[in-house]
Number of protein chains: 2
Amino acid sequence: MSILERIHLSIIREVDRQGSLTAAANRLNLTQSALSHSIAKLEKQIGIAVWHREGRSLRPTQAGEWLLAVANRLLPQLTHAEERLQQFAKGERGNLRIGMECHPCYQWLLKIVAPYLDTWPLVDVDVRQKVQFGGIGALFGYDIDMLVTPDPLFKSGLRFEPVFDYEQVLVVGPDHKLRDADHVEARHLAGETLITYPVPTDRLDIYTRFLMPAGINPKRHKEIETTDIMLLMVSHGRGVAALPRWMVEEFGAKFGVKPVRLGPNGVDKQIFLGFREADADIDYLRAFVHMALAHREASSQ
Amino acid sequence: MSILERIHLSIIREVDRQGSLTAAANRLNLTQSALSHSIAKLEKQIGIAVWHREGRSLRPTQAGEWLLAVANRLLPQLTHAEERLQQFAKGERGNLRIGMECHPCYQWLLKIVAPYLDTWPLVDVDVRQKVQFGGIGALFGYDIDMLVTPDPLFKSGLRFEPVFDYEQVLVVGPDHKLRDADHVEARHLAGETLITYPVPTDRLDIYTRFLMPAGINPKRHKEIETTDIMLLMVSHGRGVAALPRWMVEEFGAKFGVKPVRLGPNGVDKQIFLGFREADADIDYLRAFVHMALAHREASSQ
DNA sequence: TGGTTTGATGAAATTAAATCATGTTTGGAA
DNA sequence: TTCCAAACATGATTTAATTTCATCAAACCA
């Protein structure tokens with residue numbers, strides 16, 4: 001009945017990666033002949049070619065492209081399932097694969113992960129900064145088990161817990177004219193250089209919740225990857241940035257930068273921890289959420 | 001290297017469904033002995049039991065439960081991939097599997113699907129009313145290819161197009177005292193029986209956008225599955241309901257019911273068509289979106 | 001307590017997969 | 001151009017894996 005086997009997907013993926021049957025065969029510890037036979041049989045059974053044979057190279061057909069997509073989606077899941085089983089067998093607890101959709105949360109995450117690793121010595125934590133189909137997709141696609149994000153999705157098989165509240169503030173250098181201001185208005189930034197993480201502006205709160213409502217754009221927009229460099233730039237008067245208040249307070253002294261409230265009421269943010277409802281009863285996963293919630297309690301006092 | 005094969009997943013799923021190895025073997029057109037050998041080998045390779053042997057019955061171990069979840073997730077995808085390939089081979093275009101997260105949209109959907117089936121004779125349309133992990137999860141899980149929903153999720157591997165705007169109105173019977181009112185206030189419903197589709201109140205706009213903001217609850221809340229019966233109930237004075245205005249106008253005459261605006265400004269709704277970004281270039285899928293958009297253009301005049 | 005059902009097991013048979021040896025085509029180097 | 005190396009295809013053979021068959025032991029049921 002079933003014709004599409006794991007080996008077929010492996011071959012298709014490997015041929016795509018290596019570029020040739022022969023190279024793929026080596027990586028799979030099989031002969032070129034074996035792959036050739038295997039694929040020929042598959043093509044015969046489904047009744048359509050997987051590759052165009054052009055000279056001595058293979059180019060995927062439409063069906064081949066489709067199969068490649070299937071392979072890239074399913075093979076990692078099979079691999080992960082096997083790893084998980086091995087871990088069951090060895091009495092290990094497994095990996096907690098955490099996806100991050102929130103740049104400055106990294107510092108916060110470290111504070112949760114550190115004690116977690118002590119309490120759960122058999123669980124390994126694995127943090128992925130960039131996830132292929134976005135955090136939600138990665139959760140549904142079983143690429144990650146937990147997601148740190150400012151954008152929760154209630155309903156539909158996932159669960160989100162608020163674990164972290166903070167105020168987003170403007171960071172200015174030690175000689176900046178707004179240094180001692182009670183708060184800043186959007187128009188004050190019209191002549192400034194704004195430094196942000198390299199993400200689309202519609203995912204930056206300083207745009208969506210502060211600048212855009214006022215119809216203001218900064219003079220210049222500069223993207224910086226790392227927080228340290230960003231703070232260094234700000235402290236040397238190269239621009240202003242928006243970061244969590246706790247972060248500015250923690251690193252502010254070191255860099256001599258100051259936080260200023262965004263607008264009269266400030267910009268409040270909430271970070272959520274998301275996971276699959278189906279995983280809700282995995283103890284080491286629950287424990288992580290609990291530790292995050294406990295940390296929230298502790299720091300809200 | 002790889003030990004977990006499709007057959008293992010099939011066996012695990014079938015044993016769970018049938019309750020015994022023997023029955024599962026029959027369904028898989030194999031002998032009981034074959035399955036026994038097959039899973040014995042698997043258990044030996046991963047080094048852990050998949051089932052507790054209790055007397056002559058099999059109960060999944062923790063690992064078994066996990067494997068079962070994997071099987072139920074991956075096997076349908078493999079099956080679908082095969083079907084899709086067969087369709088490629090036969091020159092068919094495939095199935096368009098549409099998930100619905102919007103009860104009254106069914107009538108609207110019919111208006112799109114009817115001409116679509118004519119334009120795309122080789123594409124079959126398959127509508128699924130209830131999807132396991134919610135619409136978004138079903139899209140990510142490849143259980144459906146398109147989703148009709150009032151709750152889009154921008155970003156993260158999916159795309160949503162607004163295809164349908166309408167006003168949600170209150171439907172009252174021919175003898176109802178509000179029958180000729182310009183609009184209704186929330187407090188007017190305090191003494192009424194409200195008839196809705198059987199979904200949680202936090203997904204019913206009349207609650208979230210009309211009653212709850214005013215802190216009002218109807219006297220009674222009754223859930224009805226089908227629109228026809230709902231309208232029949234309303235027309236016979238058994239209560240009031242909330243439906244799209246176009247629907248009331250279309251069926252109003254038949255049932256003698258009347259639309260009344262919800263609040264002074266009305267409750268406007270938008271319905272979206274969602275699909276995977278990876279599928280954005282499948283012609284028959286694009287075509288569906290285009291037809292929906294065209295229908296929107298036509299009816300907005 | 002027999003009869004029947006269920007899963008396990010070892011050996012044999014069968015089927016499937018991989019290799020070996022070889023052929024054909026092609027792209028590049030001499 | 002020519003020749004060689006690289007790449008995939010193919011048929012026969014070998015090897016490995018899977019399936020069946022025959023049989024057993026345990027357990028549920030009447």
Side-chain angles (χ1 to χ4, degrees), chain A residues 1-61 63-65 67-68 71 75 78 82, chain B residues 1-61 63-65 67-68 71 75 78 82:
Chain A
M1 278 296 98
S2 49
I3 51 192
L4 195 57
E5 292 297 329
R6 184 174 181 176
I7 185 70
H8 299 124
L9 298 179
S10 300
I11 294 172
I12 285 156
R13 182 176 66 173
E14 212 55 48
V15 167
D16 178 65
R17 286 181 178 171
Q18 306 296 323
S20 84
L21 252 195
T22 315
N26 286 332
R27 294 231 58 221
L28 296 171
N29 295 315
L30 288 168
T31 58
Q32 171 268 321
S33 177
L35 299 215
S36 192
H37 280 297
S38 190
I39 283 300
K41 187 175 172 188
L42 175 68
E43 288 182 324
K44 191 184 145 202
Q45 285 188 106
I46 60 180
I48 191 172
V50 175
W51 294 296
H52 296 295
R53 272 73 171 178
E54 290 181 341
R56 58 182 179 183
S57 68
L58 302 175
R59 205 167 48 78
T61 59
E65 295 281 7
L67 268 176
L68 182 60
L75 286 175
L78 282 169
E82 276 179 356
Chain B
M1 277 294 98
S2 49
I3 50 192
L4 195 57
E5 292 296 330
R6 185 175 181 175
I7 184 71
H8 299 123
L9 298 179
S10 300
I11 295 173
I12 285 155
R13 183 177 65 174
E14 211 54 49
V15 168
D16 177 65
R17 286 183 178 169
Q18 306 297 324
S20 84
L21 253 195
T22 314
N26 286 333
R27 295 232 57 220
L28 295 171
N29 295 315
L30 288 168
T31 58
Q32 172 268 321
S33 177
L35 300 214
S36 192
H37 281 298
S38 187
I39 60 114
K41 187 176 171 187
L42 175 69
E43 289 182 324
K44 190 184 146 201
Q45 284 187 107
I46 59 179
I48 191 173
V50 174
W51 293 295
H52 295 295
R53 272 72 170 178
E54 290 180 342
R56 60 180 182 185
S57 69
L58 302 174
R59 204 166 50 76
T61 60
E65 294 281 8
L67 268 176
L68 182 60
L75 287 175
L78 282 169
E82 276 179 356

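Proteins get letters first, then strands, A, B, ... in listed order; numbering begins at 1 in each. In this text, all values refer to a predicted model and were calculated from it rather than measured experimentally.
B/Gln18 has its CD atom 12 Å from the P atom of C/dG7, to the nearest Å. What separates CG of B/Leu30 from P of D/dA17 is a distance of 18 Å, to the nearest Å. Rounded to an integer number of Å, the gap from CD1 of B/Ile3 to P of D/dT18 is 13 Å. B/Glu54 places its CD atom 13 Å from the P atom of C/dA8, with the value rounded to the nearest Å. Atoms NE2 (B/His52) and C1' (C/dG7) sit 17 Å apart, rounded to a whole Å. For B/Ile7 and D/dT18, the CD1 to P distance is 10 Å, given to the nearest whole Å. Put simply, CZ on A/Arg6 is 21 Å from P on C/dA16, counting in whole angstrom units. In this structure, CG of B/Leu58 is placed 13 Å from C1' of D/dA26, rounded to the nearest angstrom.
Contact annotation: side chain of A/Gln32 to base of D/dA9, donor-acceptor pair present below 3.5 Å. In terms of polar N and O atoms assigned as donor or acceptor, the side chain of B/His37 comes within less than 3.5 Å of the base of C/dG10 in a complementary pairing. At a cut-off of 3.5 angstrom, counting only N and O atoms as typed in the model, there is a donor on one side and an acceptor on the other between the side-chain of B/Ser33 and the base of C/dT9.
No donor-acceptor pair closer than 3.5 Å links the side chain of B/Arg56 to the backbone N or O of B/Glu54. When atom types are taken as modelled, the side chain of A/Arg6 and the backbone of B/Leu4 share a donor-acceptor pair closer than 3.5 angstrom. Using modelled atom types, no side-chain atom of A/His37 and backbone atom of A/Ala34 make a donor-acceptor pair closer than 3.5 Å. The closest donor-acceptor contact from the side chain of A/Thr61 to the backbone of A/Val50 lies under 3.5 Å.
Within the structure, a side-chain polar atom (N or O) of A/Ser36 is placed less than 4.0 Å from OP1 or OP2 of D/dA9. The side chain of B/Arg53 contributes no N or O atom lying less than 4.0 Å from OP1 or OP2 of C/dG7.
Place B/Ser57 and A/Ala34 on DNA chain C by their nearest nucleotides, and B/Ser57 ends up nearer the 5' end.
Counting non-hydrogen atoms under 4.0 angstrom, B/Ser20 reaches the backbone sugars and phosphates but no base.
The residues B/Arg27 and B/Glu14 are annotated as salt-bridged, a charged nitrogen and a carboxylate oxygen being separated by less than 4.0 angstrom.
Among D/dA17, D/dT10, C/dG10, the nucleotide with an atom closest to any side-chain atom of B/Lys41 is D/dA17. For B/Thr31, taking side-chain heavy atoms from C-beta onward, the closest of the listed nucleotides D/dA9, C/dT6, D/dT20 is D/dT20.
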